[in-house]
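Read the structure below first, then the notes.
The sequence lines fix the lettering, A, B, ..., with proteins before strands; numbering per chain opens at 1. Note that this is a predicted model, so its numbers are computed, not measured.
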Amino acid sequence: MDKRYDFSAEAERTLYDDWEKRGAFQCAGHCDGKDSYTLMMPPPNVTGRLHIGHALDNTLQDILVRLRRQQGYDCLWLPGTDHAGIATQLLVSRHLAEQGVALEQLSREEFLAHTWRWKEQYGNIILQQLRRLGASCDWQRARFTMDEGLSRAVRRAFLTLYDQGLIYRDERLVNWDPQLQTAISDLEVRQQEKQGQLCLIDYPLQNGQQEGQQEGQGARGRSITIATMRPETLFGDLAVAVHPADERYRALQGKRCLVPLAEREVAIIADERVQREQGTGALKITPAHDFLDFEIGKQHGLPLLSIFDAQARLNDEVPAAYRGLSREQARARVLADLKSRGLLREVRMETHSVPHGERSGVALEPRLTKQWFMNTEGLARGALEAVRKGETTLLPQTWINTWRQWLENIQPWCISRQLWWGHRIPVWYAPDGEQIAARNEKEAMQKAETKFGKKVALVQEEDVLDTWFSSALWPFSTLGWGNEEAREADEAPLFRRYFPTQLLVTGFDILFFWVARMVMMSLHFTKRVPFRIVYLHALIRDTQGRKMSKSLGNVVDPIALMDRYGCDALRFTLASQAVPGRDLRLSEKRIEGNRNFVTKLWNAARFLEMQHCRYDENFRTNEVEGAVHRWMLTRLHKLAAGVEEDLKDEVCLFHEAASKLYHFLWGVFCDEYLEMIKPALGGEGREREEARVASAWIFYGVVRLLHPFVPFVTERIFRECKVFDSCKGRLLMTEKTLQANDITFGDWNADVEEVAWVLGLMNKIRSWRSELGVSPQATVPWFGEVGDNTKRKLERWEDVLRAMAGVEWRSRYAGRGTALTFDGLDVDTKLVLSEEIDINTFKAMIRKKMQDWKKTKQSSSMKLDNVKFKNNAPHEIWKAEEDKLTNAQSQIDWLSRIEEDIEKILKES
RNA sequence: GGGUGCGUAGCUCAGGGGUAGAGCGUUGCCUUCACACGGCAGAAGUCGUUGGUUCAAUUCCAACCGCACCCACCA
């Protein structure tokens with residue numbers, strides 16, 4: 001083995017290629033006697049580059065899927081990419097613009113051809129990056145949401161929902177992105193806090209009415225004052241509304257006022273949705289440009305008047321002077337004109353939240369357009385029920401509230417987008433506007449012919465579907481559902497074998513966008529939940545706890561981190577930080593620490609190799625004789641059981657498993673076990689043989705348990721370390737994992753306790769040596785009167801104690817030096833310390849310890865004297881407290897004996 | 001307005017009704033033949049505040065103070 005572990009990209013790549021070449025990632029594809037286990041990778045955008053969130057997501061999935069394979073499941077981890085309508089179209093447009101091609105010059109077909117070419121060329125970068133991360137997905141099954149098969153599934157789903165009346169076309173207000181010039185769904189809206197001008201504007205009353213002079217704020221003299229943050233929309237005003245019970249405006253209800261600049265006379269209507277305390281209590285109603293106004297207008301039979309074009313510029317419905325102005329320009333002009341007419345009562349700055357497009361970042365405009373909607377109410381009920389009944393479990397379970405809240409208040413989903421890149425809506429229009437939904441043009445023609453009794457010209461809908469529509473089908477569309485036009489979907493062999501999936505791992509930020517919709521669609525089309533468990537991991541923040549964003553420039557590049565520390569270090573860090581329900585801050589220091597952990601593992605392997613430890617599959621744990629090995633096997637048993645439990649689908653405590661493994665390998669295996677067997681390894685005979693073979697067997701177990709977390713270094717060790725020579729040609733990743741019941745026991749309690757005793761004794765001695773400043777090189781003689789039992793134990797551990805604590809047991813001692821009573825545990829002995837020790841420092845130290853123990857003794861006896869404690873506390877607790885007191889007393893006694901020794905020494909000198 | 005989570009060592013964070021834990025940092029000692037990306041030993045915490053439940057609260061409950069986040073609304 002190399003002295004230093006090489007975690008370079010090239011070295012890791014060699015291992016990865018070998019796994020892939022040997023088909024270790026592939027599922028069987030059919031029933032092979034094993035249980036199946038399916039994970040669907042949340043498909044990253046084709047435009048994507050691996051960011052740290054992907055790294056977390058896929059590391060966790062990879063850990064699980066590697067472990068399940070080692071546990072003997074036939075695993076399918078299906079990767080793929082999402083066509084990402086808006087993102088991709090934007091990117092390709094920009095790409096084309098750089099080459100001097102304007103979007104307007106291209107036909108739809110030409111643009112799509114460009115985009116497909118772009119996708120072939122650049123769309124797979126993220127998949128390469130996932131390989132770097134060690135993701136062991138089945139690349140042969142990789143899918144893209146616009147693959148032919150998936151597109152068929154999309155059409156099938158659409159047509160079914162259309163026939164069921166759940167998808168329909170409607171003219172309503174939608175969130176319109178004036179830059180992208182498409183509708184977007186409610187979920188793609190981001191509220192942004194902005195400073196804005198709240199404008200109080202007088203709308204003059206008509207017909208010389210004089211009422212409403214009561215309150216100064218509201219109606220004053222010959223006008224009614226409305227408040228608005230959007231004065232430029234007044235051209236679309238078709239009413240003014242007040243609350244029916246509002247005393248200030250009671251007399252004005254049913255009267256009319258004039259919308260200034262627009263010079264339109266409108267009614268003052270009463271509606272309970274008007275809030276009296278907001279603004280002036282009088283609300284201008286612009287039905288085509290505000291969601292609340294739309295509702296109020298509908299109820300009062302007001303017409304709809306759109307005053308903006310697709311780019312949110314004022315259109316021909318407004319007076320000529322304002323036409324073509326942007327929202328911002330119009331606002332300034334309107335305010336100036338109102339002011340000059342004396343109708344602008346007041347302008348004050350206020351913060352309010354303004355809806356912005358998630359992608360474009362520009363302020364959105366509610367806009368009246370014809371769009372396609374999906375009624376999700378009934379489907380949402382199913383999704384609610386599935387989670388309530390536990391068919392699907394959300395982890396951490398706290399998400400159930402959020403889940404319920406959203407699904408109970410679900411709104412129709414706007415599924416059409418005015419884009420080119422995506423699944424074109426499979427609906428054709430006849431000349432009279434009649435809709436014909438069909439799988440393809442040919443079928444549409446036939447349907448039309450049947451319907452109209454003759455051939456008619458058809459035009460396909462221009463819009464495409466929201467990207468999330470196809471993502472919502474991902475768990476089953478990827479498995480062949482809907483692919484075979486003529487036959488039942490359930491006959492698709494992959495679907496039958498691998499659906500439903502076991503687990504979905506994703507970030508909580510797409511709980512509604514994606515997870516909820518997958519559950520809804522899956523229940524609707526397959527009558528089954530798409531996954532049993534949804535593990536929602538947290539967000540990764542920077543070291544200051546801020547969200548990572550391009551604008552802040554605090555985005556961490558996982559590839560760079562892997563270059564610096566190796567993939568395993570990054571993976572282990574992510575896993576050990578993955579605490580459910582809590583955001584994690586990524587610190588490079590921690591990655592560095594885990595790089596060290598990887599190195600430690602490598603060095604442990606080197607050590608075993610040098611000591612001629614060799615794995616032998618004929619080794620039987622229950623035949624082991626050495627106490628250290630028995631103790632170690634007991635610990636290993638506990639570790640295997642613990643890790644298995646932590647990584648159950650319904651548990652998913654990655655951080656717990658990682659921490660157990662970390663401390664086992666470093667703190668127990670290296671620091672305690674290897675140190676303790678060093679004397680045996682350096683010796684000879686049966687003991688040495690057992691140490692060689694037992695340690696190798698144990699190490700093999702540890703390496704397998706670690707593999708899902710740190711696949712590269714473990715595979716490399718398995719392949720290169722001579723310890724595993726007997727496994728030549730095999731892959732660690734396909735070895736069966738170590739399970740707790742692989743370790744069979746004898747009655748080892750006495751040995752286990754004895755090793756714990758030795759370790760405790762050693763720690764005590766080391767601690768005293770260090771505090772007293774005894775040179776680490778000095779071997780301290782140690783002698784005394786002990787019982788036979790203790791004597792046997794001390795003799796048995798003589799070598800270990802010498803090596804690890806630097807003490808040498810003598811049954812008699814007559815040499816020089818200061819002899820001190822040492823009975824930290826149950827060993828009543830004298831420890832000979834060198835003369836250089838400063839006796840006064842020592843004395844002070846003893847006094848301090850004495851005080852601490854006295855304090856403990858006091859608090860313990862107080863507790864024990866409490867009758868209520870005795871009556872109510874469980875017996876074990878009571879007993880433990882009593883032991884604590886006894887121990888404190890014996891420590892005190894011991895320290896007093898040392899004090900006596902010290903006094904004697906001081907007297908002698 | 002509705003909801004969720006978080007205040008634990010200098011920093012980043014685990015934990016959880018009965019001796020307070022880790023990593024990093026820090027102090028002392030050790031370049032001993034796996035590893036200085038190391039070893040050994042140590043220092044360091046009123047577990048946000050105040051009440052309540054309990055024999056026992058850092059842990060459970062309530063209120064409060066701070067800090068995030070999600071949904072809705074915003075004239």
Side-chain angles (χ1 to χ4, degrees), chain A residues 1 3-5 186 191 196 198-200 226-230 241 274-275 277-285 290-293 350-354 396 398-399 401-402 404-406 409 508-509 511-512 538-539 541 543 545-547 565 569 573 576-577 579 581-590 592-611 655-656 659 662-663 667 670-671 674-675 678 682 762-763 766-771 773-777 803-806 856 859-860 863 866-874 876-878 880-881 884:
Chain A
M1 289 175 81
K3 189 143 196 250
R4 189 71 130 206
Y5 173 59
D186 298 349
Q191 299 293 341
L198 180 72
C199 310
L200 303 193
I226 57 92
T228 182
M229 306 289 293
R230 306 278 322 264
V274 177
Q275 291 174 39
E277 56 292 343
Q278 288 270 20
T280 60
L283 177 63
K284 72 187 204 59
I285 302 297
D290 182 280
F291 290 98
L292 177 62
D293 293 5
E350 250 177 42
T351 54
H352 64 152
S353 45
V354 182
T398 48
W399 284 106
N401 278 326
T402 314
R404 206 165 41 216
Q405 214 186 333
W406 189 72
N409 300 305
F508 64 81
D509 48 329
L511 183 62
F512 305 139
L539 236 59
R541 298 174 175 280
T543 39
R546 296 174 308 179
K547 228 170 167 171
Y565 301 103
T573 306
S576 64
Q577 300 253 81
V579 178
R582 200 160 145 159
D583 287 349
L584 55 111
R585 297 190 194 189
L586 195 67
S587 91
E588 204 162 324
K589 273 285 177 196
R590 221 174 249 263
E592 194 183 321
N594 288 321
R595 189 262 331 253
N596 296 352
F597 174 71
V598 168
T599 309
K600 186 78 181 175
L601 175 62
W602 182 256
N603 282 316
R606 281 180 58 222
F607 174 72
L608 292 175
E609 179 178 271
M610 280 177 212
Q611 297 296 324
H655 71 296
E656 286 282 356
S659 133
Y662 184 99
H663 289 108
C670 290
D671 291 345
L674 289 185
E675 291 304 323
K678 271 181 183 173
M762 226 148 49
N763 178 261
R766 284 167 159 183
S767 180
W768 280 77
R769 285 180 65 123
S770 175
E771 285 184 61
V774 179
S775 152
Q777 283 80 16
M804 294 178 72
T856 308
S859 88
S860 260
K863 258 193 186 171
N866 186 342
V867 187
K868 283 184 184 167
F869 177 68
K870 179 154 195 188
N871 291 342
N872 292 305
E876 311 88 73
I877 299 295
W878 163 262
E881 200 60 43
K884 197 165 137 189

Consider the side chain of [X], meaning its heavy atoms from C-beta on, and name the nucleotide among [options] that approaches it most closely.
| X | options | answer |
| --- | --- | --- |
| A:A227 | B:rC55, B:rA41, B:rA75 | B:rA75 |
| A:S767 | B:rC35, B:rA14, B:rA41 | B:rA41 |
| A:I877 | B:rC13, B:rA75, B:rG18 | B:rG18 |
| A:L283 | B:rA34, B:rA75, B:rU12 | B:rA75 |
| A:L292 | B:rC70, B:rA75, B:rU12 | B:rA75 |
| A:K884 | B:rC71, B:rA34, B:rU19 | B:rU19 |
| A:P874 | B:rC55, B:rC37, B:rC71 | B:rC55 |
| A:R766 | B:rA41, B:rA75, B:rG3 | B:rA41 |
| A:F869 | B:rG18, B:rG2, B:rG7 | B:rG18 |

With a 4.0 Å cut-off on heavy atoms, is [X] in touch with a base, just the backbone sugar-phosphate, or nothing at all?
| X | answer |
| --- | --- |
| A:R4 | base |
| A:T398 | sugar-phosphate |
| A:D583 | nothing |
| A:R606 | sugar-phosphate |
| A:L608 | nothing |
| A:Q191 | base |
| A:V274 | base |

> Name the stems that RNA chain B belongs to, where each is three or more consecutive Watson-Crick or G-U pairs with both distances under 3.5 Å?
Replying inline: B:1-7 with B:65-71, B:10-13 with B:21-24, B:26-30 with B:38-42, B:48-52 with B:60-64
Return the value, rounded to whole Å, for the distance between atom [atom1] of [X] and atom [atom2] of [N].
| X | N | atom1 | atom2 | answer |
| --- | --- | --- | --- | --- |
| A:Q278 | B:rG1 | CD | P | 13 Å |
| A:L674 | B:rG38 | CG | P | 16 Å |
| A:M762 | B:rG39 | CE | P | 15 Å |
| A:D293 | B:rC73 | CG | C1' | 14 Å |
| A:F508 | B:rC69 | CZ | C1' | 7 Å |
| A:E277 | B:rC73 | CD | C1' | 12 Å |
| A:H655 | B:rG21 | NE2 | P | 17 Å |
| A:L511 | B:rC69 | CG | C1' | 14 Å |

Side chain to side chain, [X] and [Y], heavy atoms closer than 4.5 Å:
| X | Y | result |
| --- | --- | --- |
| A:I877 | A:F869 | yes |
| A:N603 | A:Y5 | no |
| A:Y662 | A:N594 | yes |
| A:K600 | A:D671 | yes |
| A:T402 | A:F512 | yes |
| A:K678 | A:F607 | yes |

Would you tell me if any nitrogen or oxygen in the side chain of [X] comes within less than 4.0 Å of OP1 or OP2 on [N]?
| X | N | result |
| --- | --- | --- |
| A:N872 | B:rC55 | yes |
| A:N763 | B:rA41 | yes |
| A:R230 | B:rA75 | no |
| A:K868 | B:rU54 | no |
| A:N871 | B:rC55 | no |
| A:K863 | B:rU19 | yes |

Take atom [atom1] in [N] and the same atom in [M], then report the distance between them in whole Å.
| N | M | atom1 | answer |
| --- | --- | --- | --- |
| B:rU8 | B:rG66 | C1' | 16 Å |
| B:rU54 | B:rG1 | C1' | 37 Å |
| B:rC11 | B:rG45 | C1' | 14 Å |

> Could you run down nucleotides 57-62 of chain B 5' to 3' and tag each one B, S or - for protein heavy-atom contact under 4.0 Å?
Replying inline: ------
> Pick from A:R590, A:H655, A:Q577: which one makes a side chain to side chain contact (heavy atoms under 4.5 Å, CB included) with A:L584?
Replying inline: A:Q577
List, with names and distances, any nitrogen or oxygen atoms from the protein found under 3.5 Å away from nitrogen or oxygen atoms belonging to nucleotides 24-32 of chain B.
unit_1	atom_1	unit_2	atom_2	d
B:rC30	O3'	A:Q777	NE2	3.4

>> Between A:N401 and A:Q611, which residue's closest nucleotide on RNA chain B lies nearer the 5′ terminus?
In response: A:N401
>> Let me spell it out: for each of A:T351 and A:E771, pick the nucleotide of RNA chain B with the closest heavy atom. Which residue's pick is nearer the 5' end?
In response: A:E771
> Can you check side chain to side chain contact (heavy atoms under 4.5 Å, CB included) on A:D583 and A:F508, steps first, answer last?
Replying inline: CA-CA 11 Å; A:D583 287 349; A:F508 64 81; 4.1 Å; yes
> Taking atom CE of A:M229 and atom NE2 of A:H352, what is their separation to the nearest 0.5 Å?
Replying inline: 3.5 Å
